[in-house]
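Since the structure comes first, as structure tokens, the remarks are kept for the end.
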Protein chains: 2
Amino acid sequence: MKEHNKMMYYFRKWATITEEDEARIRSAFEPISIKKKKDLLVKDQVCEYNYFIVKGCMRTFFIDKKGNEQIFQIRMDNNWIADLESFFSQKPSKYNIEALENSSLLRISYKNFEHLLADIPALEKYFRVLFQKAYVNTLNRLTATMWESAMDRYNEMLKENPEIFQRVPLIYIASFLGITPESLSRIRKQI
Amino acid sequence: MKEHNKMMYYFRKWATITEEDEARIRSAFEPISIKKKKDLLVKDQVCEYNYFIVKGCMRTFFIDKKGNEQIFQIRMDNNWIADLESFFSQKPSKYNIEALENSSLLRISYKNFEHLLADIPALEKYFRVLFQKAYVNTLNRLTATMWESAMDRYNEMLKENPEIFQRVPLIYIASFLGITPESLSRIRKQI
DNA sequence: TGAATTTCTTAACATACATCAATTTAATTT
DNA sequence: AAATTAAATTGATGTATGTTAAGAAATTCA
């Protein structure tokens, strides 16, 4: 059960978990692994699970009107990934989630998630704080996208998230920044 | 205490609140009113309160590099408003929050908020779900900003949020959409 | 109610980033 | 290691939206 250790560490960071809770939590999460380029979620499927990435890298994308894949989430070790809109509504997803590396994850089904949070109020607090932070981050990303240049966004990402550049191709990073690979290439040439 | 009724109604929608809890909650929120054009929060101040808008309209904005006010939140009746980044960190805010109408609000201080949630786990669930939804909404707004045209975003806002057009000047709506008033004017002419 | 201020519109021109097409470089597969 | 595929770069050109400036319309204030 060593896959669970890091996740438990993060739970404990923002919530008080008893020994008893810990056993209950561990048993609710199932370890899985996924190969590079395989799909964790496919458009029009219901997102049945919420995933904790133990080790690996995942992207969330959709196909836009012009037929291009557009990526808005890239997540690596010790982060959560899912289409929460589909997961919490249990309706078909608009997105695909794909592994960018061979990855190992922990997953919990929607039903188990709801039961677990009902049983362990400390986890409500953990996820309240998690979503609160995710919301604030996304608002910051939104204001940057609206009112900062692509070059400024690139530089900030390079500073705040250098590891992603070691592990993810630039074509994906370009999309994540909301620009084309050609534009990113030109930005990089200027620096 | 009729200001609190609508807020209690929303708490009850997603959380189970006892009579005893209700009294505790009501006493934690203080009613205030604010005149049009007055500030609820000023840049570099700590956002000391989280606010529930009983009736009225508020905007959150900052001054960009070129000296223009840029608005990323517009909230009306029965919604929450604060700079959550400042509120939860209790560090100075990057933003201003201003009343667009004479408004009545309920406010809760950071300390009281933390105590209240510790005392009433059902509220943890309420705010977990609230932030979860706010996060999903903001991600949808982000993808629209990155990969849809300003005209599409305008039309969607008109459809999803018609009331805002009755109550808020177009210069503010333009900024909220991430464009200039001139661009919005041209978009409207085309329709 | 008239003056002042704010909001909205229009036009000419500017610019950041996109698109299309071709080539080079790097990574993956057999 | 060769062949294939994917990623990255470069140049020429296009376009949505920004900028500047001015005036009209609407709202607020005295």
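Model, not experiment: these values are computed from the prediction.
Residues in residues 142-158 of chain B take part in these salt bridge (Lys or Arg N to Asp or Glu O under 4.0 Å) pairs, two or more places apart or across chains: A/K65-B/D152. Each salt bridge (Lys or Arg N to Asp or Glu O under 4.0 Å) pair with one or both residues in residues 117-135 of chain B, not counting sequence neighbours, appears once here: A/E124-B/R128, A/R128-B/E124, B/R24-B/D119.
Listed by residue number, the members of residues 146-168 of chain B with any heavy atom below 4.0 angstrom from DNA chain C form an empty set. Within residues 175-191 of chain B, the residues that have a heavy atom under 4.0 Å from DNA chain C are, in order of number, B/E182, B/S185, B/R186, B/R188, B/K189.
Looking only at side-chain heavy atoms (C-beta outward), A/N5 and A/R26 come within less than 4.5 Å of each other. Residues A/L105 and A/L40 form a side-chain contact, since some pair of their non-hydrogen atoms from C-beta on lies under 4.5 Å apart.
Inspection of the B/E48 and B/S109 side chains reveals no N or O donor paired with an N or O acceptor under 3.5 Å.
Of all the heavy atoms in B/Q73 and A/Y135, the pair that sits closest is NE2-OH, 3.2 Å. Residues B/V54 and B/D77 approach most closely at O-CB, 3.9 Å, considering heavy atoms. Residues B/I81 and B/N50 share a closest heavy-atom pair of O-OD1, 3.6 Å.
Ring planes of A/F165 and A/Y154: perpendicular class, angle over 60° (limits at 30 and 60°). In this pair, B/Y110 and B/F88 present their aromatic rings perpendicular. The plane angle is above 60°, beyond the 30 to 60° band.
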Protein-to-nucleotide contact annotation, 5' to 3' order, nucleotides 24-30 of chain D [B base; S sugar-phosphate only; - none; under 4.0 Å, heavy atom]
----S--
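Atom CZ of A/R59 and atom P of D/dA6 are 12 Å apart (whole Å).
Cation-pi contact between A/R59 and A/F176: absent, since separation from the ring centre below 6.0 Å together with deviation from the ring axis within 45° is not met.
Remark: of the listed residues A/W14, A/F131, A/Y9, A/W14 is the sole one forming a ring pair (Phe, Tyr, Trp, His ring centres under 6.0 Å) with A/Y126.
A 4.0 Å heavy-atom criterion places the boundary nucleotides of DNA chain C facing chain A at C/dC17 to C/dT28, written 5' to 3'.
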